[in-house]
Amino acid sequence: MIRAYQSEYSEFVAVTGRRRIGKTFLVREAFNYKFAFQHSGLANQNTRAQLKEFRISLIKYGLTKCRVPKDWFDAFFLLSELLDRQKEGKKVVFIDELPWMDSPRSNFVSAIEHFWNGYASARKDVLLIICGSATSWIINNVFKNHGGLHNRVTYRINLAPFTLYECEQYARSRQLEMSRYDILECYMVMGGIPFYWSLLERGKSVSQNIDSLFFARMGKLHHEYDELYNSLFKNSQPYINVVSTLGTKRMGMTREELIDEGDSVNNGQLTRVLEDLEACGFIRKYSFQGSNRCTSVFQLIDNFTLFYYKFLHSRSGIDEHFWSLNTNTPVRNAWEGLAFERVCFEHISQIKQALGIAGVSSQVYSWRVKDDPVLGNGAQVDMVIDRADKVINLCEMKFSTSEYAIEKTDVDDQRHKAERFKESKNNRTTIHLTLITPFGVKQNIYQFSVQNVITAEDLFKE
């Protein structure tokens with residue numbers, strides 16, 4: 001954004017990222033909260049209400065004698081009048097939650113097209129910054145616009161969640177006394193969403209914080225799920241249906257499997273829903289290989305949503321100390337294994353760095369084969385790192401609160417997977433069995449059955 005500000009021409013910047021990721025905070029901090037004009041759209045309001053609020057923002061920034069705009073073309077004309085009255089220098093215009101301003105039949109997109117093409121881009125002193133949690137709206141109406149906004153955005157900034165390393169730095173900045181295991185547990189619950197981390201209270205354990213935020217009746221994140229999806233999508237139900245269906249499948253589902261589930265969404269609507277969820281960072285589309293063919297699979301990866309569906313969805317009257325009371329229970333242990341896998345997939349670059357292959361071109365995918373009457377039982381590998389240097393890492397992720405003890409059953413399972421993988425690939429590529437576990441492996445006679453061991457310490461690398 002600073003480069004855009006220093007440009008000798010007018011620039012158009014779009015900042016995207018899921019709700020609570022810190023988009024508004026970033027823009028405000030970058031410009032020290034000083035703008036030629038700033039406005040935020042209203043959630044779930046009609047055009048008339050949006051225009052009235054826009055007028056209030058115009059008055060606040062100096063257009064004192066200002067009528068209520070009759071439409072969005074008039075609103076942006078008034079904005080141009082405001083900018084004309086300001087002193088020389090770059091004029092930063094920040095419009096937050098832009099998608100909310102596009103109410104039905106408002107012609108909002110056409111109006112902002114006209115403002116940029118007819119006014120801002122004809123000058124050299126306007127920096128227009130748009131922002132919104134509804135990433136899919138910005139992608140479809142701005143980035144993929146086939147009209148006046150086609151290729152007009154000059155800078156795109158997409159904010160990703162914090163990594164484990166960044167969460168650790170943030171926790172330190174807030175003087176939260178947290179071990180790396182504490183941070184890992186919080187990450188498995190909340191992901192790297194800065195706002196969620198800002199709610200953690202000093203002096204409380206991780207379990208106490210999770211209980212007070214999620215399970216207490218007045219917990220600040222107790223109702224976050226409904227607010228999250230309703231704020232992102234004008235008709236949120238089809239999205240919630242798809243997410244709830246994907247939440248039941250550990251490895252995800254193909255498009256055909258989603259359709260076969262029945263009443264989630266119809267075939268014509270499904271493509272748009274999946275694209276929007278992927279753009280907003282809730283699901284990932286990845287390659288699943290097996291039986292000599294490659295299939296696209298959609299998997300729910302949002303840590304917060306996964307936690308909600310496991311412990312809060314369809315549960316009434318749950319104990320407000322649920323998390324503290326369920327330490328080391330089967331239901332929590334099962335969730336921890338799945339959540340740790342998601343964390344690993346969010347830190348693939350750190351895994352590659354730990355393997356010493358950060359600079360080696362590679363493909364990451366999952367793999368599965370079915371039972372075979374000759375070759376035996378089927379096999380599945382959640383993470384395959386297929387490297388250009390003719391080595392393939394078959395990665396197994398095992399969550400443990402201490403050193404993981406490799407047993408004979410693990411060794412037999414690993415060998416079976418490696419054999420089935422080689423058979424399905426029909427090649428002689430070198431296979432490296434790789435174990436990812438928080439505290440490493442315990443010394444025993446089976447510890448050298450894997451070629452690589454990656455720990456939580458590796459995942460915390462920058």
Side-chain angles (χ1 to χ4, degrees), residues 160-168 171 178-193 196-197 206-207 209-210 214 246-252 281-284 286 297 299-311 323 326-355 364-367 380-385 393-407 410 413-414 417 433-442 450 452-461:
F162 282 169
T163 62
L164 284 168
Y165 169 81
E166 290 165 334
C167 286
E168 183 178 45
M178 302 178 70
S179 68
R180 284 191 163 178
Y181 180 82
D182 291 339
I183 294 171
L184 178 59
E185 182 180 352
C186 276
Y187 201 95
M188 292 194 296
V189 174
M190 304 187 299
I193 308 304
Y196 298 165
W197 283 79
V206 171
S207 293
N209 266 304
I210 293 173
F214 291 91
L246 290 176
T248 65
K249 304 293 184 181
R250 173 173 164 269
M251 290 304 301
F282 293 104
I283 68 172
R284 73 177 180 116
Y286 71 98
V297 175
Q299 183 185 43
L300 180 63
I301 58 171
D302 182 64
N303 305 62
F304 167 80
T305 302
L306 286 160
F307 180 80
Y308 171 85
Y309 270 101
K310 186 67 176 179
F311 298 107
W323 199 246
N326 279 270
T327 301
N328 200 30
T329 58
V331 64
R332 181 163 163 179
N333 292 342
W335 166 81
E336 286 173 336
L338 176 60
F340 181 65
E341 288 181 10
R342 297 294 193 272
V343 173
C344 292
F345 274 106
E346 292 172 293
H347 292 78
I348 290 176
S349 61
Q350 284 81 3
I351 292 172
K352 292 178 64 177
Q353 181 180 343
L355 292 171
V364 179
Y365 54 86
S366 297
W367 167 86
Q380 177 173 306
V381 180
D382 297 336
M383 183 187 293
V384 177
I385 303 178
N393 292 90
L394 301 185
C395 301
E396 190 85 7
M397 291 155 275
K398 297 287 188 181
F399 183 80
S400 176
T401 57
S402 59
E403 290 181 329
Y404 183 79
I406 300 177
E407 304 292 346
D410 294 313
D413 184 54
Q414 292 162 357
K417 288 180 179 180
L433 298 174
T434 303
L435 180 63
I436 309 174
T437 187
F439 296 99
V441 298
K442 188 175 182 179
V450 295
N452 309 99
V453 176
I454 296 172
T455 68
E457 294 294 315
D458 297 313
L459 300 181
F460 273 86
K461 295 295 175 60

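Nothing fancy with the numbering, it's 1 onward along the sequence.
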[X] side, atom [atom1]; [Y] side, atom [atom2] - distance, nearest 0.5 Å:
{"X": "Asp382", "Y": "Tyr286", "atom1": "CG", "atom2": "OH", "result": "7.5 Å"}
{"X": "Asp182", "Y": "Asn209", "atom1": "CG", "atom2": "CG", "result": "10.0 Å"}
{"X": "Met190", "Y": "Cys167", "atom1": "CE", "atom2": "SG", "result": "7.5 Å"}
{"X": "Gln353", "Y": "Leu459", "atom1": "CD", "atom2": "CG", "result": "10.5 Å"}
{"X": "Leu435", "Y": "Thr455", "atom1": "CG", "atom2": "OG1", "result": "10.5 Å"}
{"X": "Leu300", "Y": "Leu306", "atom1": "CG", "atom2": "CG", "result": "4.0 Å"}

* Applying salt bridge (Lys or Arg N to Asp or Glu O under 4.0 Å), run through Arg342 and Glu346 and close with a yes or a no. => CA-CA 6 Å; Arg342 297 294 193 272; Glu346 292 172 293; over 6 Å; no
What closest approach, in Å, do [X] and [Y] show between heavy atoms, and which atom pair accounts for it?
{"X": "Cys344", "Y": "Ile351", "answer": "O-CD1, 3.5 Å"}
{"X": "Val297", "Y": "Gly252", "answer": "CG1-C, 3.6 Å"}
{"X": "Tyr181", "Y": "Thr401", "answer": "OH-CG2, 3.3 Å"}

* Please test Asn333 against Phe399 for side chain to side chain contact (heavy atoms under 4.5 Å, CB included), starting from the C-alpha separation and ending with a verdict. => CA-CA 9 Å; Asn333 292 342; Phe399 183 80; over 6 Å; no
* Test side chain to side chain contact (heavy atoms under 4.5 Å, CB included) on Gln414 and Leu394 and set out the steps. => CA-CA 9 Å; Gln414 292 162 357; Leu394 301 185; over 6 Å; no
* Asked: Can you name the ring-ring contact (aromatic ring centres under 6.0 Å, His included) partners of Trp197, sequence neighbours left out?
  -> none
* Asked: With sequence neighbours left out, what residues match Glu407 under side chain to side chain donor-acceptor pair (under 3.5 Å)?
  ->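 None.
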* **Partners passing side-chain contact (heavy atoms from CB on, under 4.5 Å) against Asp302 (at least two apart in sequence or in another chain)** => Arg18, Phe282, Phe304, Thr305
* Could you check Phe311 against Val189 for side chain to side chain contact (heavy atoms under 4.5 Å, CB included), going step by step and ending with a plain yes or no? => CA-CA 11 Å; Phe311 298 107; Val189 174; over 6 Å; no
* **side chain to side chain contact (heavy atoms under 4.5 Å, CB included) evaluation trace for Leu355 with Asp458** => CA-CA 10 Å; Leu355 292 171; Asp458 297 313; over 6 Å; no
* Given the side-chain rings of Phe307 and Phe214, with only the six-membered ring counted for Trp, is the space between their centroids under 6.0 Å? -> yes
